[in-house]
Amino acid sequence: MSTGTILAIAIPVIVVLGAVVAFVSLSRRDATGLGHLSRETRRRDELAAAAAGEAAAGDDAGAFGVSSQARELERSVALERRPAPVAVDEPELPQDWAPPPPNEVGVTRRQFLNRSSVILMATGLGTFNAAMIAFLWPRPTRGFGSKVKIGTIASVDEAIASSTPAANFSYFSEAQSYIQPYPTDSATQSNAEATYGGVVLEGIRLGYVALWQKCPHLGCKVPVCGSSQWFECPCHGSKYNRVGEKKSGPAPRGMDRFPVTIEEGNVYVDTGSVSQGPAIGTDTTGQGLEGPHCA
Ligand code: FES
């Protein structure tokens, strides 16, 4: 075998062996790190690491114990400071409403409304019927409420002149009225013409005025006062002049009056037709106070 042939075979073999050795060396170095420690060294390192781990575990256990004790202390202090719980009654739950049985209810709403309607209708009809009956009821033909004949002109004038306790104040009980002479002088008559009207004025023109005894304030019978020559109500002190015009007191107007007529020489007072007295301030006769009051 020639030298060239030997070299041709040896060189590739050497190159291949070198490559294998280099590969194996690099592989072991990757597996064991940069350095390669001996077994004793690794054993010593492992013991040191175990001792260091136990020391660290001991420290953690101590720190954990301290922090848990602190938390326990904080918790106990917070519990002591917490106010004592207040006892609260359990709220009662609302009960479902159920209508009471009909036998326990005196009157149901329907019954109440029905009865109210019937009562109202009955009251209205009753009032209407009463008004109709009163309207159609015949007026009395005698006594108060009718046209009352109180006497002849002469007898009436005589009664007026001789009346007591004061002249010119004549009371006729059948008419519940005072028949008062009304001044016939032109000035007074002219005042009356300007103040009164209708049937009352017709009686004034005849020289009479019929004054109802009932006080227009609250209905007391108004007597005559002989000293003052006025009508003076004893109930609340209203005062009227001789022809029933209000002078003072709480009455809302002068004395109410009835029409006076003369028929065939007789004087009549129509007590079924009352006229309201004159307004406050009316003074057609100018009669002043003639003496001390009685009321
Ligand atoms: S009732 Fe006559 S003043 Fe009152």
Side-chain angles (χ1 to χ4, degrees), residues 130-131 134 137 139-140 142-148 150-151 156 159-183 188 191-192 194-204 206-261 267-295:
W137 198 265
R139 290 178 57 182
R142 299 184 59 186
F144 187 77
S146 67
K147 192 172 182 178
V148 178
I150 58 173
V156 170
I160 290 172
S162 61
S163 60
T164 57
N168 301 322
F169 291 91
S170 56
Y171 179 70
F172 294 87
S173 58
E174 61 270 34
Q176 299 183 12
S177 305
Y178 295 93
I179 308 300
Q180 295 298 105
Y182 202 93
T188 306
N191 289 339
T195 304
Y196 299 102
V199 289
V200 173
L201 181 59
E202 290 176 12
I204 288 174
L206 295 173
Y208 301 104
V209 62
L211 304 177
W212 194 6
Q213 65 179 14
K214 183 179 171 186
C215 180
H217 180 222
L218 291 179
C220 291
K221 181 181 179 182
V222 185
V224 172
C225 176
S227 54
S228 68
Q229 291 287 296
W230 282 359
F231 293 97
E232 297 189 1
C233 182
C235 293
H236 309 99
S238 290
K239 297 175 176 59
Y240 312 89
N241 67 11
R242 193 180 289 137
V243 294
E245 293 161 347
K246 184 192 160 186
K247 305 301 288 185
S248 64
R253 59 182 183 272
M255 295 172 71
D256 296 337
R257 49 208 64 208
F258 299 117
V260 179
T261 54
V267 179
Y268 289 86
V269 175
D270 187 358
T271 56
S273 179
V274 65
S275 298
Q276 283 199 344
I280 294 173
T282 300
D283 185 5
T284 58
T285 63
Q287 183 210 0
L289 191 65
E290 299 181 12
H293 291 298
C294 300

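Both ligands and their constituent atoms are indexed starting at 1 by order of listing.
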Please report how many protein N/O/S atoms lie under 2.8 Å from atom 4 (Fe) of ligand 1.
2
Does G244 offer a backbone N or O that forms a donor-acceptor pair with the side chain of R257 under 3.5 Å?
yes
Evaluate disulfide bond (SG atoms under 2.5 Å apart) for C220 paired with C233, printing each intermediate quantity in order.
CA-CA 7 Å; C220 291; C233 182; 4.6 Å; no
When the ring planes of W212 and F258 are compared, do they come out parallel, tilted or perpendicular, using 30° and 60° as the limits?
tilted
Output yes when a side-chain donor or acceptor of S170 lies under 3.5 Å from a complementary backbone atom of I179, and no otherwise.
yes
Which of V274, V200, D270, L201 passes side chain to side chain contact (heavy atoms under 4.5 Å, CB included) with P259? Answer is D270
Side chain S227, main chain P292, donor-acceptor under 3.5 Å
yes
